[in-house]
2 protein chains.
Amino acid sequence: MSSQGGPGGRGLGTAVRDRIRERIESGAWRPGHRLPAEPHLASLLGVSRATLREALKVLADDGWITRTPGAGTYVTHRPRLKNNLDVNFGVSELIESMGMRVGTQGLRVYDGPAGASEAARLAIPPESRVFVIERIRTADYEPVVFSRDVIPASIVGEGAQALDSLGQGTLYRMLEEEFGVVVNQGLAEIKPVKADRWTASQLRVPTGTMLLYLLQVDYDDTGRAVLLSHEHHVADAFEITVVRRGPGRNT
Amino acid sequence: MSSQGGPGGRGLGTAVRDRIRERIESGAWRPGHRLPAEPHLASLLGVSRATLREALKVLADDGWITRTPGAGTYVTHRPRLKNNLDVNFGVSELIESMGMRVGTQGLRVYDGPAGASEAARLAIPPESRVFVIERIRTADYEPVVFSRDVIPASIVGEGAQALDSLGQGTLYRMLEEEFGVVVNQGLAEIKPVKADRWTASQLRVPTGTMLLYLLQVDYDDTGRAVLLSHEHHVADAFEITVVRRGPGRNT
DNA sequence: CCTTACGTTTTGTCAGACAAAGCGCCTCCG
DNA sequence: CGGAGGCGCTTTGTCTGACAAAACGTAAGG
């Protein structure tokens, strides 16, 4: 299925892109810093200039670098954020990136037929068998997210007992390591809601507390829906940001 | 500053990328459809294969297409959404894309010194002169967003009287056409809030109504902060979505 | 009828070359 | 001595051609 799943990712250009971005994120190349010229950088990275340029094109398109003919390639002068909805995937990484201890309470795993709405979003036949994972995520032992994850049985097959070991685990890592499913993209719908009685009691907050509700469907690289997540975030616990692409490049 | 500002965007590869994406968005190439082979498609678009591949690389990276060696390039089988936080920029386009009439109420434009917090986010000296635009955006004559836009005087110079004509205009288009400022990227912070007395009266909703608050800073292609926006969205008016990149490509 | 081997098609990567656009340095002139 | 203009170098943008790797369809053989 997946071509190689090697070190960096799928494809040399993607690996080069990640390597360059890591240098920027780590601070080795600070904003305003000028990158080596393309031929030089290509030989440094051990790839051809065409491959390097594919990586640079994506980075420039994402706003990491700015390229001007005759002048050079510079790291864009723009603040970088953690806790970014675009890149941070999963609640565990979100909490860990804030330097807090991540934990799980009230884990509940069961299977059954999918409801009509959830089946439609997962693009599976109604009444198909799905596995459901409900749990409360804690940051420094404080409940911050109540989540309900729905996975089609066709994804996890019969090796579903591994789901029981999600005590503190990352669901995405388990999907990748146990079932060979690599989540490539997710489509999240964001809505502010007030905590109802049940959710409030789970999160140990007063009824009516402000929550951020994320309804998300994740897809693998073939476009197959592999995971549906309902996440109720305690509003004050996180600072959620999104990078938006400007109209200058998106019609 | 900007190199050519031609038809599609800045650069041939970017223009090619937009042309392909338009075909997908318009439905000419539906999910699962196979694109012509690269040499053929390159000649169809009138560019070289290297340029075409830069465009395809970005599209594949953004999840629009899936490429497999030996097989071909296919349009990814994944639902496309309008009202996407990533691509839809500005409230006007958001409302128009939903097929509703966009309008403005209570426009108020004034200038003065920037506050400490706003100056810091715009990366300008404290007390710098800024222009402030406050207005209520309506969809089908119903208030849906109350926004406060802050623009440094250094951006708009002395031609600021143009700001008064924002009756139904798009601020981004005005920035581009009047002042030559192309917004490339924006960083938005999302938070659910309850409407306070003042905001509620502006939006004609009861105090305590659920709102989605977006605090956004926009940057041009050089990384200069050009616009700070506070937006209070009526929660039930929109369906806000975000495309998230999977851990499989971001680590 | 199933399995296997082959060839074709298609994407992935590389190398080299030329054009266009900034930037810095030098020279020339006042 | 100071400023302005021109020249050349550097760097990105684009094109051309080529070969390798991978996947699919087809045909031959058991």
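Chain A is the first sequence line, chain B the second, and so forth, proteins listed ahead of strands; every chain is numbered from 1.
- With DNA chain D read from its 5' end, the first of the two nearest nucleotides for A:Ala37 and B:Gly70 is the one closest to A:Ala37.
- Between A:Leu94 and A:Phe238, some side-chain heavy-atom pair lies under the 4.5 Å cut-off.
- Within the 4.0 Å cut-off from OP1 or OP2 of C:dT10, not a single side-chain nitrogen or oxygen of B:Thr68 is found.
- The CG-P distance, from A:Asp61 to D:dG13, rounds to 12 Å in whole Å.
- Each of A:Ala71 and A:Gly13 lies near DNA chain C, and the nucleotide nearest A:Gly13 is the one positioned closer to the 5' end.
- Note: CD (B:Glu38) to P (D:dT16) measures 15 Å, nearest angstrom.
- Residue order along DNA chain D, read from the 5' end via each residue's closest nucleotide, puts A:Pro36 first among A:Pro36 and B:Leu52.
- Between the OH atom of A:Tyr74 and the C1' atom of D:dT10 there is a distance of 11 Å, rounded to whole Å.
- The only member of A:Asp218, A:Val130, A:Val132, A:Leu215 that meets side-chain contact (heavy atoms from CB on, under 4.5 Å) when paired with A:Leu228 is A:Leu215.
- Counting to the nearest Å, the C1' atom of C:dC14 and the CD atom of A:Glu54 are 12 Å from each other.
- Here D:dT11 presents its C1' atom at 13 Å from CG of A:Leu41, a figure rounded to the nearest Å.
- One interatomic measurement links the two molecules: CD1 of A:Ile65 to C1' of D:dG13, which rounds to 14 Å at whole-angstrom precision.
- Contact of B:Arg49 with D:dG17 (side chain to base): no donor-acceptor pair of N or O atoms is detected under 3.5 Å.
- When each of C:dC14, D:dC15, D:dG13 is scored by its nearest atom to the side-chain atoms of A:Pro69, the top-ranked nucleotide is D:dG13.
- Distances were taken from every side-chain heavy atom of B:Ser48 (C-beta onward) to each of D:dT16, C:dC14, D:dG13; the shortest belongs to D:dT16.
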Check: Stepwise, does the salt bridge (charged side-chain N to carboxylate O under 4.0 Å, His left out) test hold for A:Arg244 with B:Asp86?
Finding: CA-CA 5 Å; A:Arg244 310 182 69 179; B:Asp86 292 344; over 6 Å; no

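- Residue B:His77 qualifies as open at atom NE2: its count of foreign heavy atoms under 6.0 Å is 12 or below.
- Rounded to an integer number of Å, the gap from A:Leu12 CG to D:dA20 P is 17 Å.
- The side chain of A:Thr73 places no N or O atom within less than 4.0 Å of a non-bridging phosphate oxygen (OP1 or OP2) of D:dT11.
- Contact annotation: B:Arg53 reaches the phosphate of C:dG12 (side-chain N/O to OP1 or OP2, under 4.0 Å).
- For B:Thr51 and D:dC15, the shortest distance from a side-chain N or O to OP1 or OP2 is below 4.0 Å.
- Closest approach of A:Pro79 and B:Leu187 over heavy atoms only: O-CD2, 3.6 Å.
- Between A:Arg67 and D:dT11 there is no side-chain polar atom (N or O) within less than 4.0 angstrom of OP1 or OP2.
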